[in-house]
Amino acid sequence: MIKSHKNFHSQNGKRLILIADDEMINREMLGNLLSADYELLYAEDGEEAFEKILRYHEYLSLVLLDIMMPKMNGLELLAQMKKNPSLGQIPVIVVTSDQKAEVDCLGLGASDFLSKPYPRPEVILARVVRTIELSEDRQIINATERDSLTGLYNKDYFYSYADQFDQYHKDYKMDAIVLDVYHFHMINDRFGNAFGDEILRQIGLRIRESVSIDGGIVCRKEADTFMVYCPHRDDYSDILEHAAVGLSGTGSVSGWLRMRMGVYADVDRSLDIERRFDRAKMAADSVRNNLRKNIGIYNEAMHETEMYSEQLLEDFATAIQEKQFKVYYQPKFDVRPVVPVLTSAEALVRWQHPKLGLVSPGVFIPLFENNGLIQLLDKYVWEETAAQIADWKKRFGISLPVSVNVSRVDMYDEGIIDLFESIVKRNGITESELHLEITESAYTQDSEQIIGVVSELRKRGFHIEMDDFGTGYSSLNMISELPIDALKLDMLFIRNAFKKGKDTRLLEVIIDIADYLSVPVIAEGVETEEQLNVLKTMGCDMVQGYYFSRPIPANEFDAFLNDRKKQIELEGQSYSGFSRYNPSKKEIVFGKITHALSAGFDYIYYIDTDNHHYVEFSAQSSKESPKIERSGLDFFEDMEKNAELLVYNPDVDRVTRALRKENLLNRLSSAKSFCMVYRLNKNAPEHFSLRAARANTNDDHHIVIGVNKIDEHSEAG
Amino acid sequence: MIAKNVLIGFGANPDEGIERCMGDESFYLKLVCRAIERGPFEKLLDAITGNNLDEAFERAHALKGVLGNLSLTPLFDLSSELTELLRNKLGGYEAPAKKLIEKRDELAALLSGLG
């Protein structure tokens with residue numbers, strides 16, 4: 001929004017002018033002169049003028065300012081206005097008989113002067129009109145060159161002003177600095193955007209205060225990131241400390257908000273300006289998550305990393321051409337049979353660089369993800385993998401599905417579905433042989449788009465695995481609706497669960513969830529026999545990791561296929577893979593549950609009486625498509641707590657007793673089901689009906705409890 | 001018209017003052033009457049006799065601005081002279097201050113004589 005649009009006073013469409021003069025006669029003379037064409041405000045001292053400027057700054061087109069005024073003189077007022085970017089844009093005509101003050105006023109940003117005694121009215125009017133016109137033209141330029149929130153330069157203009165600075169100050173040593181706020185989004189989330197905006201304004205203002213004295217310029221690059229280009233200094237802490245006052249002045253957020261800063265000192269002017277700030281950003285990233293240090297300085301080590309990255313980027317095209325990228329395969333085993341069965345593999349890329357040797361994917365994948373090359377690499381890996389699947393099929397007569405990683409950016413490619421189709425056709429394999437791993441975070445970041453693409457891929461027969469499960473933030477509800485064929489537990493998740501002070505409870509819940517969703521769980525990163533055995537006990541279906549094999553080149557992988565071939569020859573094709581999983585399994589299980597209870601319930605709990613884990617389904621929105629609401633580790637403990645909190649006092653004891661494990665199992669040993677009515681809500685009791693039954697599934701250790709609200713007159717507690 | 005002639009006779013330039021008031025003569029005369037009211041001139045003299053020279057300078061400067069805008073030339077000239085004396089701290093303020101009041105009284109008498 002261009003500010004000049006606001007300069008019209010809302011009621012009569014006239015521009016608003018403030019006349020600040022302590023002499024009433026002067027105010028009246030100017031008022032008489034201007035009132036036909038302008039809306040007027042008056043102030044009789046400096047403080048009143050400043051207060052009105054603050055209040056009306058969005059609408060003020062001009063201030064006519066007397067210099068000699070009580071409380072705050074005109075020079076002090078100008079200085080105050082200059083400090084505040086949103087006030088500094090308002091043009092000021094200084095009215096004075098003191099010519100000596102004119103130089104000071106110009107330095108403080110006055111636009112023009114009027115002498116006393118006043119010149120002829122036409123002269124005053126013409127100057128007023130001209131000053132407002134010039135200011136509005138400038139504001140139009142400002143609107144494009146400045147960030148409307150902070151009044152700082154926007155990125156493009158900042159870069160061109162920095163260039164200009166270089167041209168006119170060729171001998172200066174210059175620094176490029178980047179500042180940002182840790183977890184700034186949390187401020188907006190917790191306190192609202194208006195509060196967050198105010199903090200950004202304060203930070204911007206303070207950074208400018210610190211660096212503008214030396215001629216430094218500042219811009220807000222985006223969100224909470226600021227850039228500074230200023231003459232070289234030795235100590236940067238004052239800039240950071242002064243900027244951080246913008247945070248500490250905000251009371252409730254002080255303490256947990258921190259800023260960090262990256263400095264590329266004494267910049268190399270042969271680099272283009274954006275590169276200089278890339279280096280400052282790199283320096284800022286070097287202190288990420290470092291509680292003791294919040295200023296990073298670009299150094300030789302960073303320079304080497306940068307050069308290394310640059311070389312990798314430069315060599316990418318040749319590497320694709322010369323097939324320097326090697327696809328390695330890591331086997332996945334079904335661990336449910338006594339002897340684990342090789343069921344598939346994951347394709348993992350390695351770079352055999354002619355000069356640098358084996359480059360870690362941990363280095364080049366994030367790099368390629370940042371600049372879009374990852375799509376080309378993914379495509380390369382998919383092609384290689386499909387060809388390998390076909391080769392193994394031909395040589396061993398075994399169809400071994402292989403999963404490939406699909407980057408998030410691939411999912412936005414409109415041609416992705418056709419591309420996969422053409423890859424499988426070209427290589428003579430089927431859709432079901434190419435498994436696609438899509439990371440959990442992709443689903444959560446733009447779920448609608450991703451779910452649409454994934455659903456279509458599944459419809460075509462591709463098998464979808466949700467990768468890195470446990471690192472994203474999927475809600476249970478969302479997971480139950482996602483089109484997936486397997487959940488892959490993140491490697492770190494496994495490692496953490498088995499770390500010192502082993503805590504595998506969360507792992508168990510996730511495996512339970514997968515079970516209820518009727519999708520197999522694939523555990524990645526399994527390294528030891530202990531991990532394997534615990535995971536098996538929990539019900540994990542497939543395992544991948546160093547315990548079986550590290551990722552290996554295709555030729556070495558032949559050994560696994562040979563073994564599998566021998567296994568088949570010995571046992572026949574008895575292994576049926578994951579046939580127990582089919583898309584409708586979830587509905588079947590749920591059908592059996594509701595059948596056990598004669599259906600019609602609002603909430604259903606599916607409880608494992610061995611380990612007490614449970615899942616709560618809600619059927620409120622659709623009886624046919626129940627949703628998982630939550631899951632828990634101990635049904636009986638949770639129910640006891642909830643009864644205390646939620647059940648109507650006179651019924652608490654009865655409900656608590658009935659839902660004790662031994663009582664419940666006792667009742668169900670003598671009857672097919674058990675029913676009770678009780679009241680919820682302490683203040684306005686409502687009647688609920690609860691029915692418990694043994695699950696009508698093949699196991700005998702699950703019970704099902706259904707709850708629904710009933711008409712209060714039909715049955716009484 | 002009579003008032004204007006009185007002002008001309010006093011040495012003022014009412015046409016210039018009226019022009020600053022967008023040709024509104026009665027508005028101009030109203031401002032002239034207000035400008036020569038008792039108060040500001042006396043306070044200026046008090047500040048001088050009390051040796052509050054900063055205050056005196058501010059008051060003289062303020063009067064100068066108003067009197068100049070109304071083109072009350074004899075008063076403007078005196079207030080200008082006094083302002084410069086005070087600005088440069090040259091001393092001898094009391095005589096011109098008193099003269100300024102006398103001249104103001106003279107104009108007030110002329111105007112009040114018009115009824």
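Throughout, protein chains are lettered first and strands after them, A, B, ... in sequence-line order, and every chain is numbered starting at 1.
- Residues satisfying the side-chain hydrogen bond (donor to acceptor under 3.5 Å, both in side chains) test with A/Tyr161, not counting sequence neighbours, are A/Glu145.
- A/Asp197 meets the salt bridge (Lys or Arg N to Asp or Glu O under 4.0 Å) test with no other residue; sequence neighbours excluded.
- For A/Glu51, the salt bridge (Lys or Arg N to Asp or Glu O under 4.0 Å) test picks out A/Arg55, with sequence neighbours left out.
- In this structure, chain B has a heavy atom under 4.5 Å from the side chain of A/Met24, while its backbone stays farther away.
- In plain terms, the two heavy atoms of A/Met29 and B/Gly17 that are nearest each other are CE-O, 4.4 Å.
- For the side-chain contact (heavy atoms from CB on, under 4.5 Å) with A/Ile25, the qualifying choice from B/Leu67, B/Val32, B/Val66 is B/Val66, the only one to do so.
- Within a 6.0 Å sphere centred on CZ of B/Phe10, heavy atoms belonging to other residues, nucleotides or ligands number more than 12.
- Taking A/Val95, A/Leu33, A/Leu30 one by one and counting their heavy-atom pairs under 4.5 Å with chain B, the maximum is reached by A/Leu33.
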With 3.5 angstrom as the limit, list the donor-acceptor pairs from chain A to chain B, or say none if there aren't any.
unit_1   : atom_1 : unit_2  : atom_2 : d
A/Asn26  : OD1    : B/Asn69 : ND2    : 3.0
A/Glu28  : OE2    : B/Arg34 : NH1    : 2.7
A/Asn32  : ND2    : B/Cys21 : O      : 3.1
A/Ser97  : OG     : B/His61 : NE2    : 3.3
A/Tyr118 : N      : B/Asn69 : OD1    : 2.6
A/Tyr118 : O      : B/Arg20 : NE     : 2.6
A/Tyr118 : O      : B/Arg20 : NH2    : 3.2
A/Arg120 : NE     : B/Glu19 : OE2    : 3.3

